[in-house]
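Below: one structure, written as structure tokens.
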Amino acid sequence: MKAEFDGYSGNYDELLKDPIRDFFAETSAAFHRRKWLVLQDFFARRRWSTKNRRWLDIGCGKGDLLRLGRSSFEQALGCDPSDEMLKACGDLDVRRQTEDGLLPFADSSFDLVTAVCVYHHLTGADRRAVTKEAWRVLRPGGIFAVFEHNPWNPATRIIVGRTPVDANAVLLTAGKVRRIMRAACLTPVKTSNYLFFPERLFAVMGRLEKWLAAVPAGGQFAVFGMRGDQSP
């Protein structure tokens with residue numbers, strides 16, 4: 001994965017371009033904003049204040065999501081195995097992940113861990129390893145949020161199938177993510193589906209998208225799992 005994304009980093013945004021994707025939003029920034037809104041909605045519904053909490057974004061890439069949310073946290077950090085992707089993170093607190101299946105952070109050091117469109121690039125064994133590591137670095141009661149492409153959405157499957165950075169992607173359902181979480185002693189507490197509407201419609205129909213969050217038909221989904229005291 002490191003070598004693969006080192007090769008993509010120079011023209012990453014160009015490689016993501018697709019007519020259907022571009023119809024939904026003209027820039028990648030809009031997709032990051034939608035993810036941040038999903039996180040904010042989760043925080044608000046659980047009355048979960050972030051101001052005194054620490055956040056880790058696994059596979060942070062060029063740090064786009066971290067930049068959107070870092071001011072809301074006491075500390076926001078990222079990690080990624082790709083040196084070239086991390087070169088764009090000079091304004092962020094990031095670490096390079098040098099060992100497969102091992103995050104470069106201490107036990108019980110974060111309140112929130114995210115993995116955004118990471119799992120479809122991993123094998124089954126690597127997904128399980130990352131999930132166990134997320135459990136390890138979370139504090140009891142902490143939240144692990146996995147964002148992924150929805151394989152039940154036909155447009156998503158078309159886009160992924162012809163996007164170079166997803167050439168080796170293996171999509172997984174929200175149900176599969178929940179099973180992986182449970183195996184790592186994380187309790188799934190919410191699944192949110194989103195990207196039902198293109199950006200120009202979302203501006204006036206965002207409330208409706210929230211009502212559709214339980215319908216597994218959006219372009220992407222997020223599964224939120226909570227760490228308990230039991231060890232995986």
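This is a predicted model, so every value here is computed, not measured.
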Charged N to carboxylate O under 4.0 angstrom, Arg54 versus Asp111? no
Examine Arg34 relative to Phe24 and say whether NZ or CZ is less than 6.0 Å from the centre of the six-membered ring and inside a 45° cone about the ring axis. no
Hey, does Phe73 have a side-chain heavy atom less than 4.5 Å from the side chain of Leu112? yes
How about Asn150 and Thr156: does a side-chain donor come under 3.5 Å of a side-chain acceptor? no
Any side-chain heavy atom of Phe202 within less than 4.5 Å of one from Leu37? yes
Side chain to side chain donor-acceptor pair (under 3.5 Å) evaluation trace for Arg178 with Thr191: CA-CA 9 Å; Arg178 290 192 291 266; Thr191 299; 2.9 Å; yes
Within a strict 4.5 Å, meaning less than it, do heavy atoms of the Tyr119 and Thr131 side chains meet? yes
Got more than 12 heavy atoms from elsewhere within 6.0 Å of CD, Glu74? yes
Decide whether Glu209 and Tyr194 meet the rule of one side-chain donor and one side-chain acceptor closer than 3.5 Å. no
Would Leu171 and Val160 satisfy side chain to side chain contact (heavy atoms under 4.5 Å, CB included), going step by step from the backbone distance to the final call? CA-CA 9 Å; Leu171 299 184; Val160 170; 4.2 Å; yes
Side chain proximity check, Val113 to Ile143, heavy atoms < 4.5 angstrom: no
Run the salt-bridge test on Asp80 and Arg95 with the 4.0 Å N-O cut-off and return the result as yes or no. no
Shortest non-hydrogen pair, Cys117 vs Lys35, comes out as SG-CE, 4.2 Å
Run Val146 and Val116 through side chain to side chain contact (heavy atoms under 4.5 Å, CB included) and show every step you take. CA-CA 6 Å; Val146 174; Val116 177; over 6 Å; no
Is the closest basic N to carboxylate O distance between Lys87 and Asp83 below 4.0 Å? no
Please give me the minimum heavy-atom distance between Phe196 and Val215, naming the atom from each residue. CZ-O, 3.3 Å
Taking CG in Asp93 as the centre, count heavy atoms belonging to other residues, nucleotides or ligands within less than 6.0 Å. Is the count above 12? yes
To the nearest 0.5 Å, tell me how far Thr163 OG1 sits from Ile158 CD1. 11.0 Å
So Cys60 and Val94, do their side chains get closer than 4.5 Å, heavy atoms only? yes
Please lay out, stage by stage, how Arg67 and Asp91 fare under the test salt bridge (Lys or Arg N to Asp or Glu O under 4.0 Å). CA-CA 9 Å; Arg67 289 188 186 89; Asp91 58 324; 2.9 Å; yes
Contact check, side chains of Leu65 and Trp36, non-hydrogen atoms, under 4.5 Å: yes
Looking at CZ of Arg207 and CG of Leu212, how far apart are the two atoms once the value is rounded to the nearest 0.5 Å? 13.0 Å
Correct closest heavy-atom pair for Ala134 and Ile58 would be CB-CD1, 4.4 Å
Counting C-beta onward and ignoring hydrogens, is there a side-chain heavy-atom pair between Asn168 and His121 closer than 4.5 Å? no
Side-chain contact, heavy-atom cut-off 4.5 Å: Thr187 with Met181? no
CZ (Arg127) and CG (Leu122) are apart, to the nearest 0.5 Å, by 7.0 Å
Exercise: identify the closest heavy-atom pair between Arg136 and Ala106: NH1-C, 3.7 Å
His120 and Asp166 side chains, donor-acceptor separation under 3.5 Å: yes
Distance only, no hydrogens: is a donor on one side chain within 3.5 Å (strictly under) of an acceptor on the other, for Thr173 and Trp152? no
Could you grab the distance from atom NZ of Lys62 to atom CG of Leu92, nearest 0.5 Å is fine? 13.0 Å
List for me each residue that meets ring-ring contact (aromatic ring centres under 6.0 Å, His included) alongside His32, sequence neighbours excluded, and say none if there are none. none
Minimal non-hydrogen separation, Gln97 against Gly101, with atom names: NE2-N, 3.7 Å
If you apply the rule ring pair (Phe, Tyr, Trp, His ring centres under 6.0 Å), what do you find for Phe105 with Phe110, and how did you get there? CA-CA 9 Å; Phe105 301 98; Phe110 294 98; 5.3 Å; yes
For the student: nearest non-hydrogen atoms of Leu103 and Cys79, plus distance: CD2-SG, 3.9 Å
Parallel, tilted or perpendicular: ring planes of Trp48 versus Phe43, cut at 30 and 60 degrees: parallel
Does NZ or CZ of Arg227 come closer than 6.0 Å to the centre of the six-membered ring of Phe144, within 45° of the ring's axis? no
